[in-house]
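Model, not experiment: these values are computed from the prediction. All values below come from the heavy atoms of this structure, side chains included, with hydrogens, waters and symmetry mates left out.
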Amino acid sequence: MKIGVANTISPISVSEQTRHLAERIGGELIKGLDVGTFYDVLVVVGPPNVVFENTVKFVKAKKKVCYWIVEGILTAVGRRRARSAHCDLSIAVSAAVKKWMEESDIHIDYIIPHEIIPPNVESKNNGRAVYIAGAYARKWPPWGLQTLKMTDKLDAFYKPEIPLELVTHYVRFLEGFGVKKLDVMPKDKHYEYLAQYSAFAVLSASEGFGLYAREALAMRMNVVAVNHEAYWDINTHPCFYSVPHRDIVYAVAPRDDAYDEYRTWEPTVYVEVLMKALEKPCPVALELKKYYDTMKTLIYQLLK
């Protein structure tokens, strides 16, 4: 069986997960629009952007799987593209993504979370929290930056996932709040860096999945995050500290497929929850599951 796996968005975390998915299901990672190869099954990863649309339309395969990753409700353009993506299997990465897709009448067959590569380190519990994110607006909302200013127990870093010359003014703005640059590093080094800390404090207002939060739990770090459907499978973990959200607001993102769905929170409440998370170490690591085994089984069933 020849399986092709194509990523249609640029964030490094998604690229890493797409590569991991291809390895786990015995697939070939497609780089660029491969119109000269015929696949038994094509798995397309990402939101309903123009790359997703063209990949589904032009890459030849007997069966096609849509593995949706979005950050909010679909725009009219996003709905059109998603509805025209004729996939034999439609999968969401989280309950949040399933909700957003089905609000646009896009049927979802299964929820299959990203599978995490087991980290080989555990938290050293230095009594501090850390937040690391790309330089995107949804990752650094005003109430998140206000929260950062209210405590000296939280170190925050932005990653240069896109060329810095494109976001020069924005990163200067972040640096004004004490956010520092952290170079992209291999996965093992990234885990080692996270493991210096006691907690991972998510300041993002919008998530489709929240990979770093799950990785932190796997290292026995406490996680602090606003309550969100993206964390449906981990929010009952004893080391997950949920911050109640205040409002849900929508923002036009610099793309045409979805509106970012933001959760707001009260910064003083967030800091209170963070202080509780720093009081004691995480007693048990998140049990990692081989979610991509389910994906592989579903793919093989498609060709029966």
Side-chain angles (χ1 to χ4, degrees), residues 4-22 29-34 42-59 61 64-115 133-139 141 161-162 166 204-212 228-232 248-263 291-292 295:
V5 182
N7 175 33
T8 64
I9 49 178
S10 59
I12 292 171
S13 58
V14 180
S15 299
E16 289 174 342
Q17 287 304 124
T18 306
R19 188 183 308 109
H20 181 51
L21 170 63
L29 188 64
I30 300 174
K31 297 180 180 179
L33 196 62
D34 183 359
L42 172 69
V43 182
V44 188
V45 181
N49 58 19
V50 67
V51 181
F52 194 107
E53 181 180 38
N54 288 337
T55 302
V56 173
K57 184 181 296 184
F58 295 115
V59 178
K64 296 180 179 180
V65 178
C66 291
Y67 192 23
W68 298 109
I69 302 172
V70 297
E71 305 293 346
I73 61 172
L74 301 186
T75 62
V77 172
R79 287 195 297 273
R80 177 188 61 76
R81 289 178 181 148
R83 289 169 181 172
S84 67
H86 299 296
C87 287
D88 301 280
L89 195 63
S90 192
I91 297 170
V93 74
S94 69
V97 173
K98 183 176 189 292
K99 182 192 76 168
W100 290 324
M101 298 299 291
E102 293 188 339
E103 284 175 350
S104 292
D105 298 322
I106 312 300
H107 174 71
I108 298 296
D109 296 298
Y110 297 94
I111 296 173
I112 298 180
H114 284 315
E115 184 177 290
Y136 311 117
R138 68 181 181 84
K139 295 288 190 178
E161 290 193 336
I162 55 180
L166 299 179
S204 173
S206 177
E207 285 296 331
F209 179 68
L211 183 67
Y212 283 1
H228 196 293
E229 293 94 335
Y231 303 119
W232 67 278
I248 298 177
V249 298
Y250 295 91
V252 178
R255 56 180 187 268
D256 62 2
D257 52 85
Y259 300 110
D260 285 338
E261 183 176 295
Y262 287 180
R263 298 295 194 279
Y291 292 111
Y292 292 159
M295 178 89 81

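- A distance of 5.0 Å separates CD1 in Ile108 from CE in Met101, rounded to the nearest 0.5 Å.
- Residues passing the side-chain contact (heavy atoms from CB on, under 4.5 Å) test with Glu53 are Val50, Lys57, Arg80, Arg81, Ser84, sequence neighbours excluded.
- Counting heavy atoms from C-beta outward, Cys66 and Val44 have side chains that stay 4.5 Å or more apart.
- The shortest heavy-atom contact between Ile106 and Ala82 is CD1-CB, 3.8 Å.
- Of all non-hydrogen atoms in Phe52 and Ala85, the two that sit nearest each other are CE2-CB, 4.3 Å.
- Annotation: the span from Ile112 atom CD1 to Tyr291 atom OH amounts to 10.5 Å, rounded to 0.5 Å.
- When every heavy atom of Tyr67 is checked against every heavy atom of Val43, the shortest pair comes out as CB-CG1, 4.3 Å.
- Between Pro47 and Asp257, the closest heavy-atom pair is CB-OD1, 3.7 Å.
- Sorted by first then second residue, the ring pair (Phe, Tyr, Trp, His ring centres under 6.0 Å) pairs that include residues 70-98, not counting sequence neighbours, number zero.
- When all heavy atoms are compared, the tightest approach of Gly72 to Ala258 is O-CB, 3.8 Å.
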Please report the C-alpha distance between Thr55 and Leu33 in whole Å, then the side-chain angles of each, then the deciding distance to 0.1 Å, and finally whether the side-chain contact (heavy atoms from CB on, under 4.5 Å) criterion is met.
-> CA-CA 6 Å; Thr55 302; Leu33 196 62; 3.8 Å; yes
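- No side-chain heavy atom of Trp100 sits less than 4.5 Å from a side-chain heavy atom of Glu229.
- Atom OH of Tyr110 is surrounded by 12 or fewer heavy atoms from other residues, nucleotides or ligands within 6.0 Å.
- Atom CG of Asn49 sits about 7.5 Å away from atom CD1 of Ile9, to the nearest 0.5 Å.
- Salt bridge status for Lys139 with Glu207: present, with a side-chain N to carboxylate O gap under 4.0 Å.
- Judged by distance alone, the side chain of Gln17 and the main-chain N or O of Glu115 form a donor-acceptor pair under 3.5 Å.
- The aromatic rings of His114 and Phe209 sit perpendicular to each other, their planes meeting at more than 60°, with 30° as the lower class boundary.
- Proximity of His107 to Ser90: side-chain heavy atoms (C-beta onward) are nowhere separated by under 4.5 Å.
- Looking only at atom types and distance, the side chain of Trp232 has no donor-acceptor partner in the side chain of Ser94 under 3.5 Å away.
- Minimum heavy-atom separation, Gly32 to Ile30: O-CG2, 3.2 Å.
- In this structure the side chain of Ile69 never reaches within 4.5 angstrom of the side chain of Val97, judged on heavy atoms.
- Partners of Pro141 under the side-chain contact (heavy atoms from CB on, under 4.5 Å) rule, at least two apart in sequence or in another chain, are Trp143, Ala205, Trp265.
- With hydrogens and angles disregarded, a donor-acceptor distance shorter than 3.5 Å links the side chain of Lys64 to the backbone of Val59.
- Note that the OH atom of Tyr262 and the NE2 atom of His228 stand 11.0 Å from one another [nearest 0.5 Å].
- Between the CG atom in Asp88 and the CG atom in Leu42 there is a gap of 10.0 Å [rounded to 0.5 Å].
- A distance-only check finds no donor-acceptor pair linking the side chain of Thr8 to the backbone of Val51 [under 3.5 Å].
- Between the CH2 atom of Trp68 and the CG atom of Leu74 there is a distance of 8.0 Å, given to the nearest 0.5 Å.
- Under 4.0 Å is where a charged nitrogen must lie from a carboxylate oxygen, and between Glu103 and Arg79 no such pair does.
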